[in-house]
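Report on the structure given below.
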Amino acid sequence: SVAWQTSPSISGSGCHTVSPSHFHHKTIACLRSFRFRIRSKVEMVRFSPLVVLLALRETAAFGVVQQNSVYGSSVKSATQLFAEGSKILMPALSSTMKEGKVVTWLKNEGDEIEAGEAIMVVESDKADMDVEAFEDGYLAKIIVGEGEMAPVGEAVALIASSQADIEAVAAGGGGAAAAPVAEAAPAPSGGAPAVGPPDVEFSQIDMPALSSTMKEGKVVSWLKAEGDPISSGEAIMVVESDKADMDVEAFEDGFLAAIITEEGDSGAVGAPVALIAAEEKDIPVLKAYAATLSGAPAPAVPPAAAAAAAPAAAAPKKITTSKAASGQRVVASPLAKKKAEELGVDIASVTGTGPDGRITASDVEAAASGAAPAAKPASAGKAAAAAPAKASWTPAAGVVAATPMARAAAKKAKIDIATIQGTGQFGRVTLDDVKLATGQKEPEKKKRAASAGDETPDLPDGFVPFKGMQKAVSNNMVATLTVPAFRVSTDIIMDNFEALYQKLKPAGVSVSALLAKAVALAIERHPIMNSAYSDKDGGGFMYKKDINIAMAVAIEGGLMTPNLMYVNERPVKELAEEWAELVQKTKSGSLSPAEYTSGTFTISNMGMFGVTEFGSLLPVGQGGILAIGATQDVIVPDSAAVLGMKKARKMTVTLTADHRHIYGSDAAFFLKTLKSTMENELDKVGK
């Protein structure tokens, strides 16, 4: 069985602290769905996105089950399992947790377990929480008993895939709690020593797991360049997952020594993407080490004493450190800093000609030779002096200015990037320039002359690949086709409901919160609507005790369904406050997985767009979804009115349900209760 090694001291999105003797193993973040139930210490625990990202990122996150013989045999446990089995590890339930205590086992040895079923209660440094199984099987052996402690990542139990394998897995895994030992690797045939981490203090940034389904991430952009100083908590890169683009922060101070995964490139979750040096002087060494991780040839590292060996007479004269004296930050490229150290130039005194005044290697060489920056001609006149100078930058000799994505595309197309005319800032070659050169993109056509006062719309043309979230939405929609669903509609008179909303609106209560509360109260009386179909033992009901209402929110490039938890038990004002917070986090891309994967029933509201009636596709794993249409003015019979009719406000709702376990009568009774609640029992809704 494969064992993976991580540092339990990590407190964020994939930054490992690396000692000189530390070696890196890939980690697995396996999390289908999770729910925390607090046993005794606090009433409710809310985890920030940072903590949830950590839980997803960690090897032992939320009871990660490690399969044996999945990732080869480079690292094996001390005892080989000959029967097919898997380990349950002590999960990391908080960012500060280093060990956990098994409070109680909810299953006994030999019991059958299924994915999503709580199997034990673990006490962390924050609270007691249920830990769920993520595979079907049988509990073959309990390694860590009730009341015993275990470090995060250590095996606490073994799971057999079949009942017949229980004895074999239990016998073969007796030493599973022991620390994993690495299998001896064969010596290189050439006799060359293996390249290991350098003996300097540094940290490694790995590709973080930003969602429960993420297997790889794409570096959209680096917010820092190699050689830049970084501070703990500072955003250093933007990563695209299958859900959204998110900033990734640094969790240690230092210098960005080497970027392993360039902009536009993808990497598996847990793969190294960059190295952070604790000291600036260690950057060249770490650059060489990073090349071994990325597979590129390692650059030659100049000896530290090379500069000191040069004759003192040949050393250029240092200039007064004006910037250092004034406390200003010196912005320079890593190569410029290296050149300044080699040539003995005080980099704080060099005038930068790069973007935003950045000091380049050519600036350092010019300062070393005593050349002064070119002065502006005196004949420019007062008008020229008053006009702001346009930023300019000239690359060093032999350097082609190009974006990382453009370089990657040119390399793939086997085109010399020096032959491409750049159209980006300072003449930089962009990805579009490469696409134009390879014929993947057509040159922009001249716009046809438009009639007076009219503008010709610039319409999109050609194939546009899905982004991560769009792919996830597409896959989820295809999965709904496997469910035999049916739809039932009803009309609800909304006059009293709208009056309640106007009454509660000054207190911050929203229509979404009132709808969620009304639906949850109706589900209380019809629990089958809160269940899902299960194919266990030929089919059955999977009831869910908590009523968690998911509501669709449209965002650019897709949609998300944030969850309101325990809706039937909470005041509507509290629900409204939390919903406003969830919508804001959805639009900013900062939702944690727990906030969009825990729904038991979904509401889709397009009434605010003027849509009067529609049907929704049923989310996989739920029994029903309710589509809300717009409220309209209608004429309805009224015996008390003069003409026997009156004007009313009507809303049409459509329920889509799973016909495998929910029948037409179930749907009809649920809609009847919902209609009665929203028309006549609003005192319960407004509480």
### Message
Would you say that L655 contacts M529 through its side chain, given a criterion of any heavy-atom pair below 4.5 Å between the two side chains?
### Response
yes
### 4.5 Å side-chain heavy-atom contact, M120 and V122
yes
### Message
Using 30° and 60° as the class boundaries, would you call the ring planes of F541 and Y543 parallel, tilted or perpendicular?
### Response
parallel
### Task
Give a yes or no on whether the backbone of T602 and the side-chain of Q622 come within a donor-acceptor separation of less than 3.5 Å.
yes
### Query
With distance as the sole test, does D658 use its side chain to make a donor-acceptor pair with the main-chain N or O of R660 at under 3.5 Å?
yes
### Query
Any donor and acceptor pair, going by atom type alone, linking the side chain of N530 with main-chain N or O of K544 inside 3.5 Å?
yes
### Query
Is the shortest heavy-atom distance from the side chain of M90 to the side chain of P151 under 4.5 Å?
no
### Query
For the side chain of S474 and the backbone of K471, is there at least one donor-acceptor N/O pair under 3.5 Å apart?
no
### Query
So I142 and W105, side-chain contact (heavy atoms from CB on, under 4.5 Å) or not? Walk me through it.
CA-CA 9 Å; I142 294 175; W105 281 97; 3.2 Å; yes
### Message
Run the side-chain contact (heavy atoms from CB on, under 4.5 Å) test on I549 and V519 for me, step by step, so that the C-alpha distance in whole Å, both residues' side-chain angles and the decisive distance to 0.1 Å come before the verdict.
### Response
CA-CA 8 Å; I549 302 297; V519 170; 4.3 Å; yes
### Query
Counting only N and O atoms by type, is there a donor-acceptor contact under 3.5 Å from the side chain of N563 to the main-chain atoms of G599?
yes
#### Entry: Inter-residue atom distance T480.OG1 - I625.CD1, 0.5 Å rounding
10.0 Å
#### Entry: T652 side chain to D491 side chain, donor-acceptor N/O pair below 3.5 angstrom
yes
Donor-acceptor pairs are to be reported for all side-chain atoms of residues 505-517 against protein atoms at under 3.5 Å, with residues two or more places apart or in another chain.
residue	atom	partner	partner atom	Å
S510	OG	A513	N	3.3
K517	NZ	R570	O	3.2
K517	NZ	K687	O	3.3

### Task
May I ask you to test the N496-M678 pair for a side-chain heavy-atom distance under 4.5 Å?
no
### Query
Considering only heavy atoms from C-beta outward, does the side chain of I492 approach that of V653 to under 4.5 Å?
yes
### Task
Applying side-chain contact (heavy atoms from CB on, under 4.5 Å), run through M551 and W579 and close with a yes or a no.
CA-CA 9 Å; M551 289 190 281; W579 179 246; 3.4 Å; yes
### Task
Could you tell me whether a side-chain N or O of D638 sits under 3.5 Å from a main-chain N or O of K646, the two making a donor and an acceptor?
no
### Task
Determine yes or no for a side-chain-to-main-chain donor-acceptor pair under 3.5 angstrom, with S588 supplying the side chain and Q584 the backbone.
yes
### Task
For the pair E679 (side chain) and I493 (backbone), establish whether a donor and an acceptor sit closer than 3.5 Å, ignoring hydrogens and angles.
yes
### Query
What do the steps show when you test E249 against I236 for side-chain contact (heavy atoms from CB on, under 4.5 Å), and what is the final call?
CA-CA 6 Å; E249 299 177 356; I236 56 175; over 6 Å; no
### Message
For H661 and Y533, take the angle between the two ring planes, folded into 0 to 90°, and tell me which bin it lands in: parallel under 30, tilted 30 to 60, perpendicular over 60.
### Response
tilted
### Query
Any sub-3.5 Å donor-acceptor pair from N476's side-chain atoms to A472's backbone N or O?
yes
